[in-house]
Amino acid sequence: MDAFFAAAEQAAKPSLRGKPVIVGGLGPRGVVSTASYEARVFGVRSAMAMAQARRLCPNAAYLAPRFAVYRQVSDTVMGLLSELSPLVEPLSLDEAFVDLEAGGVPASPEAARAVGERLRADIAAATGLTGSVGLAGSKMLAKIASEQAKPDGLVLIEPGTEWELLGPMSVRTLPGVGPATAEALRRAGIHTVAETREAGEEELVRLLGKAHGASLYAMACGRDDRPVVAERDAKSVSVEDTFDVDLTDRTRVQVEVARLADRCVRRLREAGRSGRTVVLKVRRYDFSTLTRSETLRGPTDDPAVVREAAARLLEGVDTTAGVRLLGVGVTGLADYTQEDLFAQAAQAAHEAEEAQERAQEVTEGAGEAGGAPQALPAALEEGGEDVSRPRRWLPGADVRHAEYGAGWVQGSGVGRVTVRFEDPWSAPGRVRTFAVDDPALEPAEPLPLVRPEPAAGPDESPAIPDGSPGHDRDQAHDQHQAHAPDPGHDHGPGPGHDHGPGHDPGRAHDRDRGRAQPLTSSP
DNA sequence: TCTGGGGTCCTGCCCCCT
DNA sequence: TCTGAGGGGGCAGGACCC
């Protein structure tokens, strides 16, 4: 998929189409996940510090990723791929290898090209997004072809042309050659694929080690017989958080490690696995990273066991100078069924313990100062809403207003949140600003990017009528409500308080009159 | 004001066992 | 009974990928 996250956001948000869009971590230490092609013109790239991106492209829309949406689109695309062949190997949400031969596609360039073009059309129809297709006789070449095809194209590498094609390319083109390998090769005077071949396998092994050197030589010669492998089991599960501000307080570090251990086990259990080796990861103030690991006698999915192991590992790490990242992982995965009986018997006790932990966290939460990891949307953590914290409105998040309908958060701050009201099928919408605790405004489920088929029935009119559903009407509301008095705040959401619709819409105050956007610049 | 989060694979070292 | 070689597991770090 082309500029996947950013393209999905543009599809979901009509006002962003044709504009620079940057998806990534929005905190002070965020990095760019994906930049739209419009943003790349300014030099913004994946993995770049968000701060640098903002300097390069201050007028872009900066959005937090919405993985639920991307996963949905990804499932759709992977479904189309699986219609082509039983052998589909997903590499990530937006990329996969397909073995066309296993799918019975005749081994001719014409047949492959036809399948590729049809696939691209099907993806566009099913998702509203563009994807690029690389066709070749091996994974490495197919991948190179797909890179060349981007955006929105198809490239086929004819058998027999690989040698000349690869020769002049940079070594960085080859899979497995990153900055360090490229530098090692550069020092040896090797810059291109052809020079890599000329160096010979022996020299590459000497420079890079056995496995890396040998595989690099094969790749440089265009030899790559790695099969397409469907369904690979994960070998580790891990979670990590970078903190907005370095942690120095030892107790806080211990609390965070325990939280991460619990999150890690939750993920482990969701996957129905257990693990034997617990890994603690610590990135210090100076970005130096260390890991400590401990192998248990048998695999576990017991939060208490993982928490305790992580705590023991932490004991051996000096954190006084400041910690910017903490992580907890589990490797040596086994099937859940191998869980030992003792732990299962003790599980009830641990669950009671967990419940107590959570109760404690809520009371501690109120005093939490800066340095929080990118706060999870409060609603995500546990069913109940955490009343001790104000709701956080992440830019890009889906919302629904009792009166104005579906929209997305454009920005928030100083007690207000700015929302653009539009949906994937509407014309670009307009912006309104509300108090962050406006009860008429709620987080919402993402809308599908492609308009769903109208419900089967005699009446074929779609749920959302064509044409913009009445800016004029909105305007009328503006007149009425622009000066609605700000009712006093009630900070005691007692029992029975809910955010359901039907609250007095007069609480919505629209101070921007559709123009001023004090918090984020409108693209 | 640089530098996320989720992974995989490889290497080197140490230690223990055979 | 002692010794040395070699294999394998555990551990830490690093490179790479999306």
Side-chain angles (χ1 to χ4, degrees), chain A residues 1-5 22-34 44-56 58 64-65 67 70-71 74 89-97 139-140 143 146-147 150 171-185 205 208-216 219 226 229 232-246 260 263-264 267-268 271 276-297 313 316-317 324-333 373-374 376:
Chain A
M1 302 298 287
D2 304 322
F4 183 42
F5 295 180
I22 295 167
V23 180
L26 301 179
R29 288 173 166 174
V31 300
V32 174
S33 275
T34 315
V44 179
R45 296 283 178 273
S46 290
M48 172 181 282
M50 209 45 120
Q52 194 187 349
R54 285 187 196 272
R55 283 192 296 269
L56 290 171
F67 283 101
Y70 314 145
R71 206 164 289 127
S74 179
E89 179 179 339
L91 286 184
S92 61
L93 283 177
D94 75 326
E95 206 169 5
F97 289 115
K139 287 209 241 185
M140 172 188 68
K143 172 124 175 111
S146 79
E147 294 298 326
K150 279 177 184 298
V171 283
R172 286 297 306 268
T173 315
L174 300 174
V177 180
T181 305
E183 174 58 21
L185 294 172
V205 168
L208 307 172
K210 198 173 166 188
H212 200 178
S215 85
L216 187 61
M219 299 277 183
R226 295 170 300 164
V229 186
R232 275 191 302 185
D233 271 353
K235 300 190 172 174
S236 67
V237 170
S238 66
V239 296
E240 62 190 54
D241 271 335
T242 294
F243 303 95
D244 288 354
V245 175
D246 290 352
L260 288 162
R263 250 165 69 196
C264 181
R267 292 254 314 277
L268 191 65
R276 187 157 168 250
T277 301
V278 178
V279 184
L280 175 73
K281 177 172 172 180
V282 178
R283 175 118 76 212
R284 290 188 278 219
Y285 71 100
D286 61 354
F287 217 72
S288 63
T289 306
L290 58 83
T291 61
R292 293 290 179 268
S293 64
E294 180 183 304
T295 300
L296 308 168
R297 293 162 68 126
L313 292 166
V317 181
R324 72 178 285 143
L325 170 149
L326 290 169
V328 172
V330 176
T331 72
L333 298 194
Q374 303 234 332
L376 297 159

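Because the structure is predicted, anything quoted here is derived from the model rather than measured. Every heavy atom of this structure was used, including side-chain atoms; hydrogens, water molecules and symmetry mates were not. The sequence lines fix the lettering, A, B, ..., with proteins before strands; numbering per chain opens at 1.
- A donor-acceptor contact under 3.5 angstrom links the side chains of A:T289 and A:R283, judged on distance only.
- Within 4.0 Å of A:Q52, counting heavy atoms only, lies no atom of the nucleic acid at all.
- Scanning DNA chain B for stems, defined as runs of 3 or more consecutive Watson-Crick or G-U wobble pairs whose donor-acceptor distances all fall under 3.5 Å, gives the following ranges: B:5-18 with C:5-18.
- Going from atom CG of A:L326 over to atom C1' of B:dG5 covers 14 Å, rounded to whole Å.
- The separation between A:D94 atom CG and B:dG7 atom P is 17 Å, rounded to whole Å.
- Ring geometry for A:F5 versus A:F67: interplanar angle over 60°, hence perpendicular rather than tilted (30 to 60°).
- A straight line from CZ of A:F67 to C1' of B:dG6 spans 9 Å, rounded to a whole angstrom.
- At a threshold of 4.0 angstrom between heavy atoms, the contacts of A:K143 are confined to the sugar-phosphate backbone, with no base atom among them.
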Margin query: Using side-chain contact (heavy atoms from CB on, under 4.5 Å), reason through A:V23 and A:Y70 one step at a time and then give a plain yes or no.
Written below: CA-CA 12 Å; A:V23 180; A:Y70 314 145; 3.8 Å; yes

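- Each of A:L93 and A:R292 lies near DNA chain C, and the nucleotide nearest A:R292 is the one positioned closer to the 5' end.
- When all heavy atoms are compared, the tightest approach of A:G24 to A:P65 is O-CD, 3.4 Å.
- Closest to the A:F287 side chain, of the nucleotides B:dG7, B:dT11, B:dT3, is B:dT3.
- Listed pair A:S33 / B:dG5 fails the phosphate criterion, with no side-chain N or O lying under 4.0 Å from OP1 or OP2.
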Please list, for nucleotides 16-18 of chain B, all pairs of protein and nucleotide N/O atoms separated by less than 3.5 Å.
none

Checklist line | Trace of the side-chain contact (heavy atoms from CB on, under 4.5 Å) decision for A:L326 with A:F243 | finding: CA-CA 8 Å; A:L326 290 169; A:F243 303 95; 3.9 Å; yes

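- A:R324 has a side-chain polar atom (N or O) that falls below the 4.0 Å cut-off from OP1 or OP2 of B:dG4.
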Notebook entry, point to check: So A:E294 and A:L280, side-chain contact (heavy atoms from CB on, under 4.5 Å) or not? Walk me through it.
Noted result: CA-CA 9 Å; A:E294 180 183 304; A:L280 175 73; over 6 Å; no

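- When the C1' atom is used for both C:dC16 and B:dG4, the distance is 16 Å, rounded to whole Å.
- No engagement by A:V32 is indicated, since no non-hydrogen atom pair under 4.0 Å with the nucleic acid exists.
- Closest to the side chain of A:V31, from the set B:dT11, B:dG4, B:dT8, is B:dG4.
- Rounded to whole Å, atom C1' of B:dG6 lies 12 Å from atom CG of A:D241.
- Of the side-chain N and O atoms in A:R283, none sit less than 4.0 angstrom from OP1 or OP2 of B:dT3.
- Across all strands shown, A:A47 has heavy atoms under 4.0 Å from base atoms, whether or not it also approaches the sugar-phosphate.
- Across the C1' atoms, B:dC16 and C:dT3 are found 15 Å apart, a figure rounded to whole Å.
- Heavy-atom contacts of chain A under 4.0 Å fall on DNA chain C between two terminal nucleotides, which in 5' to 3' order are C:dG10 to C:dC18.
- Checked by atom type and distance alone, the side chain of A:R324 never pairs as donor or acceptor with a backbone atom of A:D246 at under 3.5 Å.
- Contacts of A:S46 with the nucleic acid, taken as non-hydrogen atoms under 4.0 Å apart, are absent.
- One finds a side-chain N or O of A:S238 lying less than 4.0 angstrom from the OP1 or OP2 phosphate oxygen of B:dG7.
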Notebook entry, point to check: For A:K281 and A:V328, what are the C-alpha separation, side-chain angles and deciding distance, and is it a side-chain contact (heavy atoms from CB on, under 4.5 Å)?
Noted result: CA-CA 6 Å; A:K281 177 172 172 180; A:V328 172; over 6 Å; no

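- Taking only side-chain nitrogens and oxygens, A:T242 never comes nearer than 4.0 Å to OP1 or OP2 of B:dT3.
- Checking A:T291 against A:R276, the closest nucleotide of DNA chain C that is more toward the 5' end is the one next to A:R276.
- Taking atom OH of residue A:Y285 and atom P of nucleotide B:dT3, one finds them 16 Å apart after rounding to whole Å.
- A distance-only check finds no donor-acceptor pair linking the side chain of A:S238 to the backbone of A:G329 [under 3.5 Å].
- Between the CZ atom of A:F243 and the P atom of B:dT3 there is a distance of 15 Å, given to the nearest Å.
- A:A96 and A:P90 make their closest contact through CB-CA, 3.7 Å (heavy atoms, listed as atom of the first residue, atom of the second, distance).
- Scanning both residues, A:A53 and A:V32, for their nearest heavy atoms gives CB-CG2, 3.8 Å.
- Under 4.0 angstrom from either OP1 or OP2 of B:dC10 there lies no side-chain N or O belonging to A:K210.
- Both A:A234 and A:R55 sit near DNA chain B, but only A:R55 has its closest nucleotide nearer the 5' end.
- Heavy atoms only, all atoms of each residue included: A:V171 and A:V177 are closest at O-CB, 3.4 Å.
- The nearest whole Å value for the distance from the CG atom in A:D233 to the P atom in B:dC9 is 12 Å.
- Heavy-atom distances to DNA chain B give each of A:L208 and A:K235 a nearest nucleotide, and the one nearer the 5′ end belongs to A:K235.
- Here the P atom of nucleotide B:dG5 and the CZ atom of A:R263 are 9 Å apart, to the nearest Å.
- Of all heavy-atom pairs spanning A:L260 and A:V239, the tightest one is O-CG2, 3.3 Å.
- For the C1' atom pair drawn from B:dC17 and C:dG4, the interatomic distance equals 13 Å after rounding to whole Å.
- For the residue pair A:M140 and A:M219, the shortest heavy atom distance occurs at CE-O, 3.2 Å.
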